[in-house]
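What follows is one structure encoded as structure tokens, with my remarks underneath.
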Amino acid sequence: MKKITDKKKLVLYGCSGMGVNMLTLIVGSYLCSALLVGGFDEHVESWTYLNKDLVVAGIWAVLVFLAKALDGLIDLPLASFADRLNTKFGRRKTAIVIGFVPMVLSYLLFLCPITSGESIVNTIWFGVMLCVFYSCYTLTMLTFYATFSEVCETEQDTVFLSNVKSVCDVVYFILGFALIPVFVSIGINVRIVALIFLPLSLTMLIPLFLLKEDSDGEKNIRTLTLSESMKTAFKNKPFIYWMFTSSMMTVGLQLFLGGINELFSSTGLNMTVVMASSFVPVPLTIILYNHIVKRKGLGFAYRYILSIFSIGMIVMYICNVTSDSLSKLALTMVAILGGIFVSFAIGSFFSVTYTVPTHLAQRELERSGKGIASMLFAVQGVFEGIASGIATGFILVCLKNYSKISLLPIIVAVCCMTAFCMSFAFSGEIAYMGREKETK
């Protein structure tokens with residue numbers, strides 16, 4: 001694989017997955033909900049497909065669960081497939097095309113109900129399309145992430161590309177959670193909104209032009225079976241330790257993202273202001289994070305973002321418990337302060353989940369000639385899925401059920417501080433990753 005050394009091309013390459021991730025957000029957060037009218041009080045005709053139920057709720061809930069479960073289980077075999085593929089067009093470009101085309105088709109078909117009312121036929125149709133969409137999305141993005149270890153020449157390039165990708169993640173979050181509700185509120189149906197954002201998925205074609213795969217060079221990479229690839233991944237002790245540390249961080253991050261609305265629901269604050277203060281400054285805060293990585297290495301920078309995120313959580317806790325005693329202006333200022341603290345960490349949290357597997361995949365390839373980049377991201381996906389389930393499927397539900405939602409920031413801070421302590425045991429190849437050598 002030819003390395004991409006031009007910073008402008010790396011920025012362009014980092015933007016590749018933004019459109020595909022945006023489609024996934026739309027499907028998971030909006031289109032699945034749009035099949036049932038329950039839960040919508042305003043603009044129901046715009047939030048739903050046809051202003052009425054189209055699926056049988058009980059069966060649909062089961063099918064959504066199965067689609068999510070399949071999305072987690074299929075990561076490992078698809079990763080093995082992507083790593084072992086061998087074509088003249090290039091194994092990475094071929095895998096991206098194999099995933100991208102049916103993903104877009106299933107996205108379009110998901111917008112088309114078979115019948116105009118609630119029916120088993122519709123329920124099964126949407127369930128099948130959801131499974132196809134998630135499976136193809138997984139193949140596309142696993143392959144894309146795997147190329148990070150193949151196109152970056154230096155550790156600094158890996159960190160830079162990961163930072164670009166994390167900024168793109170923040171951008172599609174803002175588009176998805178701030179702009180889409182605006183479209184719907186002015187009467188644009190959610191299906192039309194889904195089509196408006198569809199062209200953004202074409203960013204995934206960027207790798208087809210920037211990747212220069214050398215068929216002769218690819219022959220030097222040892223292709224592994226699924227079991228061999230999994231064994232190699234799980235025998236990589238620095239990676240597995242990183243997985244447990246990262247999982248603690250993920251529990252905290254997903255608990256924050258999943259429960260922030262509930263946390264401030266009783267304060268009367270404008271959530272747009274709170275979320276804007278948390279996300280808008282991210283591109284600038286990542287510059288500071290990148291500077292720290294260059295000076296001190298990833299281990300120190302990781303502890304920095306965990307610390308500052310915990311401080312942000314404490315500020316948000318203070319904001320929540322003092323909401324009755326502070327004026328609206330003072331409360332808003334405290335919430336914005338907490339959001340700013342959060343912004344110094346949240347983009348970097350996304351970045352490290354791309355940086356570390358990429359770096360370790362590069363090291364494994366150098367040591368043994370084994371190409372397991374896709375498998376490392378797949379295993380990380382499994383760990384993140386479990387952590388997210390614990391955060392939003394157990395902790396958040398318990399906090400809401402027992403009316404203890406005010407404790408959410410404290411639990412997030414505890415998770416982050418646990419990861420902080422665990423990070424001191426990072427191996428040298430993670431702890432000092434990205435640090436520029438001092439020259440006399």
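We count residues from 1, following the sequence as given.
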_No-hydrogen, no-angle side-chain donor-acceptor test under 3.5 Å, Thr147 and Arg92_ = no
Could you tell me whether the side chain of [Y] reaches within less than 4.5 Å of the side chain of [X], counting heavy atoms only?
X: Thr115; Y: Trp125; value: no
X: Leu198; Y: Leu108; value: yes
X: Tyr304; Y: Ser348; value: no
X: Asp53; Y: Leu35; value: no
X: Thr245; Y: Phe426; value: yes
X: Met313; Y: Ile410; value: no
X: Tyr30; Y: Pro181; value: yes
X: Tyr289; Y: Ser351; value: yes

Gap between atom [atom2] of [Y] and atom [atom1] of [X] - 0.5 Å precision:
X: Thr143; Y: Met204; atom1: OG1; atom2: CE; result: 8.5 Å
X: Asn21; Y: Phe144; atom1: CG; atom2: CZ; result: 9.0 Å
X: Phe234; Y: Met375; atom1: CZ; atom2: CE; result: 8.5 Å
X: Lys2; Y: Leu211; atom1: NZ; atom2: CG; result: 12.0 Å
X: Ser388; Y: Phe383; atom1: OG; atom2: CZ; result: 13.0 Å
X: Ile346; Y: Ile308; atom1: CD1; atom2: CD1; result: 13.0 Å

*Let me know which of Phe341, Phe420, Phe256, Phe344 forms a ring pair (Phe, Tyr, Trp, His ring centres under 6.0 Å) with Phe309.*
Phe256
*Ile59 vs Val55, side-chain contact (heavy atoms from CB on, under 4.5 Å): CA-CA, chis, key distance, verdict*: CA-CA 8 Å; Ile59 300 175; Val55 294; over 6 Å; no
Indicate yes or no for a side-chain donor-acceptor contact from [X] to the backbone of [Y] under 3.5 Å, with no hydrogens or angles considered.
X: His359; Y: Glu429; answer: yes
X: Ser80; Y: Leu76; answer: no
X: Gln254; Y: Ala391; answer: no
X: Asn122; Y: Leu54; answer: yes
X: Glu45; Y: Leu50; answer: no
X: Lys370; Y: Glu228; answer: no
X: Thr285; Y: Ser343; answer: yes
X: Tyr107; Y: Ala194; answer: yes
X: Thr203; Y: Ser16; answer: yes

*Step by step, work out the side-chain hydrogen bond (donor to acceptor under 3.5 Å, both in side chains) result for Ser46 and Asn189.*
CA-CA 4 Å; Ser46 298; Asn189 188 270; 5.5 Å; no
*asked:* Looking at Lys7, I'd like to know if its NZ atom is crowded, meaning that more than 12 non-hydrogen atoms belonging to other residues, nucleotides or ligands lie closer than 6.0 Å.
replied: yes
*Give a yes or no on this: more than 12 heavy atoms of other residues, nucleotides or ligands lie within 6.0 Å of atom OH of Tyr317.*
no
So, for [X] and [Y], which heavy atoms are closest and what is the spacing to 0.1 Å?
X: Thr140; Y: Gly99; value: OG1-C, 3.1 Å
X: Tyr302; Y: Ser246; value: OH-CA, 4.0 Å
X: Val293; Y: Leu298; value: CG1-N, 4.3 Å
X: Ala233; Y: Phe239; value: O-CD2, 3.7 Å
X: Leu200; Y: Leu175; value: CD2-CD1, 4.4 Å
X: Ile372; Y: Ser229; value: CG2-OG, 3.8 Å

*Is it true that Arg367 and Glu364 have a side-chain N and a carboxylate O under 4.0 angstrom from each other?*
yes
*Is Lys3 salt-bridged to Asp157, going by a charged N under 4.0 Å from an acidic O?*
no
*Less than 6.0 Å separating the ring centroids of Phe377 and Tyr354?*
no
*Verify side-chain contact (heavy atoms from CB on, under 4.5 Å) between Tyr134 and Ser106, making sure each step is shown before the conclusion.*
CA-CA 9 Å; Tyr134 279 141; Ser106 59; over 6 Å; no
_Let's go through Val167 and Asn163 carefully: what are the C-alpha distance in whole Å and the side-chain angles of both, what is the deciding distance for side-chain contact (heavy atoms from CB on, under 4.5 Å) to 0.1 Å, and is it a yes or a no?_
CA-CA 6 Å; Val167 170; Asn163 287 340; 5.7 Å; no
*Should Val379 and Asp75 be marked as a side-chain contact (heavy atoms from CB on, under 4.5 Å) after you check the CA-CA gap, both sets of side-chain angles, and the distance that decides it?*
CA-CA 8 Å; Val379 172; Asp75 279 20; over 6 Å; no
*asked:* Does the Lys NZ or Arg CZ of Lys165 fall within the cation-pi geometry relative to Phe350 - under 6.0 Å from the ring centre and within 45° of the axis?
replied: no
*Identified side-chain contact (heavy atoms from CB on, under 4.5 Å) partner of Phe133 from the options Leu109, Val27, Thr138, Val128*: Val27
